[in-house]
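Whatever order the structure lists them in is the order used to number ligands and atoms, beginning at 1. Computed from a predicted structure; not experimentally measured.
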Amino acid sequence: MDKIQMKTPLVEMDGDEMTRIIWKMIKDILLVPYIDLKTEYYDLGLEYRNETNDQVTVDSAEATKKYGVAVKCATITPNAARMTEYNLKEMWKSPNGTIRAILDGTVFRTPIIVKGITPYIPTWTKPITIARHAYGDVYKNTEMQVPEGSKCELVCTDKEGNEVRQLIHDFNSTAGVIQGMHNTDKSIASFARSCFNYALSIAQDVWFASKDTISKKYDHRFKDIFAEIYEAEYKEKFDAAGIEYFYTLIDDAVARVVRSEGGYIWACKNYDGDVMSDMVATAYGSLAMMTSVLVSPDGVYEYEAAHGTVQRHYYKHLKGEATSTNSVATLFAWTGALKKRGELDETPELVDFAEKLEAATIKTIEDGVMTGDLYLLSKLENKKKVGTEEFLIEVNNRLAQML
Ligand code: NAP
Ligand code: MG
């Protein structure tokens, strides 16, 4: 069989620990035998980040801007323990944070659904994708504890030096707390465009919610910016794609989400996204089955698994013990990137291959063959637990039959 050709390389960001082991297995077993795999390789493993003073992370993000599609392995975000373990020159920042800052993107997280693993909300038969606005609000706030007798005001000084003052609260009979926070029109607009672009790329509706009835300036600004951008730039495209943009109040959204069957993108303000993404991930069953894609407002895509480097499994692996680590989210990061590359390059063979690889993966689990984490959750009767590599070989057996 001739290998599938690629026109443009993918940006490949290698990573750390168990996911680095899985990364190589996926390439060796499931990709290289079928695709003439073209990638521009960046080693984001902690050792090489340290060696390059983290320049490699910046370079990989710049390459992603250039080529448009990247696939990333999970990476260690250093803490004090890692400083000693890897003898680091500095406590390097989270690579995801660095990449996100350069691409100015929004992260979309989607669960992979398989038969046998029922969400805690059984009506959720399709995935709910959460898009979290990862800038500002309470995450960049200023706050104070104030003593009794304080008078607290919000003061804004404009370019000409004019002051506007508004009373927050007169603490005349008790002490208390205050908080100041912000967001920017630019960041909100980027968030809106990333959501609308991604919705078009996967042909799903966008839901967005805030508390604009109570927060008549702050939350209302989010609602207005979304509406303006939608009307001016996306409405026609959404109509043509048969999808919708839907705005409601956050409490109404929560009630509707619980009653829904899934199958849409839920755009969340920063705090809502923080809380709801954990709720949705847990309700679908497993972090190891959650994919993640960073989408920039100008349409650059970076795919990864939502989980980390699975450190505990890696130490077992180093001791030569057998592991049963779930590779599905990392595998779907690759298929997501290959599909997007194929779409942009107009190479349908590549898209078709990636879709078949996803189908073979799901079929493997639905046939009852799965790693330990899913074995604990699955309600299938004929289930069997397999090791990390064995799972990928089982996927390959099914893939070979589909091609
Ligand atoms: P983690 O790697 O996500 O793992 C937490 C636990 O979840 C694991 O110990 C394992 O449970 C289970 N798990 C996660 N993924 C799994 C998989 N694919 N298959 C089977 N079980 C899985 O999080 P962590 O241990 O908190 O963090 C480890 C490192 O990852 C840290 O250095 C952190 O900085 C980094 N991290 C990176 C990213 C990223 O690059 N996007 C995200 C998060 C964390 P059991 O051990 O009970 O089996
Ligand atoms: Mg959270």
Under-4.0 Å protein heavy-atom contact, atom 20 (C) of ligand 1 | yes
Indicate yes or no: does Lys363 engage Glu366 in a salt bridge with an N to O separation below 4.0 Å.
-> no
For ligand 1, which atoms sit closer than 4.0 Å to a heavy atom of Gly308?
-> 1 (P), 2 (O), 3 (O), 30 (O), 36 (N), 37 (C), 38 (C), 42 (C), 43 (C), 44 (C)
Is atom 36 (N) of ligand 1 close to the protein, meaning a heavy atom under 4.0 Å from it?
-> yes
Identify the protein heavy atom lying closest to atom 32 (O) of ligand 1, giving its residue, its atom name and the separation to 0.1 Å.
-> Arg82 NH2, 3.0 Å
May I ask you to check whether Phe196 and Phe226 place their ring centers less than 6.0 Å from one another?
-> yes
Are any of the N/O atoms in Asp373 less than 3.5 Å from those in ligand 1?
-> no
Hey, which atoms in ligand 1 end up nearer than 4.0 Å to a heavy atom of Asn96?
-> 40 (O), 41 (N)
Within 4.0 Å of atom 47 (O) of ligand 1 (strictly less), any protein heavy atom?
-> yes
Atom 2 (O) of ligand 1 touched by protein heavy atom at under 4.0 Å = yes
Does Tyr42 have its ring centroid less than 6.0 Å away from the ring centroid of Tyr48?
-> no
Qualifying residue for side chain to side chain contact (heavy atoms under 4.5 Å, CB included) with Ser190, from Asp104, Asp185, Ile229 = Asp104
Beyond-backbone contact of Ile22 with Thr325, side-chain heavy atoms, under 4.5 angstrom = yes
Which atoms form the tightest heavy-atom contact between Ile168 and Ile178, and what is the distance?
-> CG2-CG2, 4.3 Å
ring-ring contact (aromatic ring centres under 6.0 Å, His included) with Tyr264: which of Phe108, Trp207, Phe246?
-> Trp207
Would His133 and Ser187 count as having a side-chain donor-acceptor pair, cut-off 3.5 Å?
-> yes
Asn326 heavy atoms within 4.0 Å reach ligand 1 at atoms 17 (C), 18 (N), 19 (N), 20 (C)
Do any nitrogen or oxygen atoms of Thr325 lie less than 3.5 angstrom from nitrogen or oxygen atoms of ligand 1?
-> no
Would one find an N or O of Ser327, backbone or side chain, under 3.5 Å from an N or O of ligand 1?
-> no
So, do Met289 and Tyr284 sit near enough that their side-chain heavy atoms are less than 4.5 Å apart?
-> no
Would you call Met6 and Leu37 a side-chain contact if the rule is heavy atoms closer than 4.5 Å?
-> yes
Starting from atom 4 (O) of ligand 1, which protein heavy atom do you reach first, and at what distance in Å?
-> Val310 CA, 4.2 Å
Nearest-contact summary for atom 33 (C) of ligand 1 - protein heavy atom, Å = Thr77 N, 4.1 Å
Is it the side chain, the backbone, both or neither of Lys72 that has a heavy atom closer than 4.0 Å to ligand 1?
-> side chain
May I ask you to test the Met13-Thr64 pair for a side-chain heavy-atom distance under 4.5 Å?
-> yes
What atoms of ligand 1 come closer than 4.0 angstrom to any heavy atom of Ala74?
-> 40 (O)
At under 4.0 Å between heavy atoms, which part of His307 makes contact with ligand 1: side chain, backbone, both or neither?
-> both
Could Lys269 and Phe222 be counted as a cation-pi pair, given that NZ or CZ must be under 6.0 Å from the ring centre and within 45° of the axis?
-> yes
Does the gap between the ring centers of His182 and Tyr135 come in under 6.0 Å?
-> yes
Within-cut-off N or O pair, Glu17 and ligand 1, under 3.5 Å | no
Any chance the rings of Tyr245 and Tyr234 have centres within less than 6.0 Å?
-> no
Which of the numbered atoms in ligand 1 are below 4.0 angstrom from a heavy atom of His313?
-> 20 (C), 21 (N), 45 (P), 46 (O), 48 (O)
Mode of Asn79 contact toward ligand 1 - side chain, backbone, both, neither (heavy atoms, under 4.0 Å) = neither
Go through Asn197 and Tyr301 one step at a time and tell me if the side chain to side chain donor-acceptor pair (under 3.5 Å) criterion holds.
-> CA-CA 11 Å; Asn197 283 339; Tyr301 295 75; over 6 Å; no
Among Lys316, Arg312, Met290, closest by heavy atom to atom 45 (P) of ligand 1 is Arg312
Which atoms of ligand 1 sit under 4.0 Å from any heavy atom of Glu304?
-> 41 (N)
Could any protein non-hydrogen atom be found less than 4.0 Å from atom 12 (C) of ligand 1?
-> no
How close does the nearest protein non-hydrogen atom get to atom 40 (O) of ligand 1, and which residue and atom is it?
-> Thr75 N, 3.0 Å
Kindly indicate whether atom 30 (O) of ligand 1 is approached by any protein heavy atom to under 4.0 angstrom.
-> yes
Protein residue, atom and distance nearest to atom 28 (C) of ligand 1, heavy-atom basis = Thr309 OG1, 3.5 Å
Could you find the nearest protein heavy atom to atom 17 (C) of ligand 1 and give me its residue, atom name and distance?
-> Ala288 CB, 3.6 Å
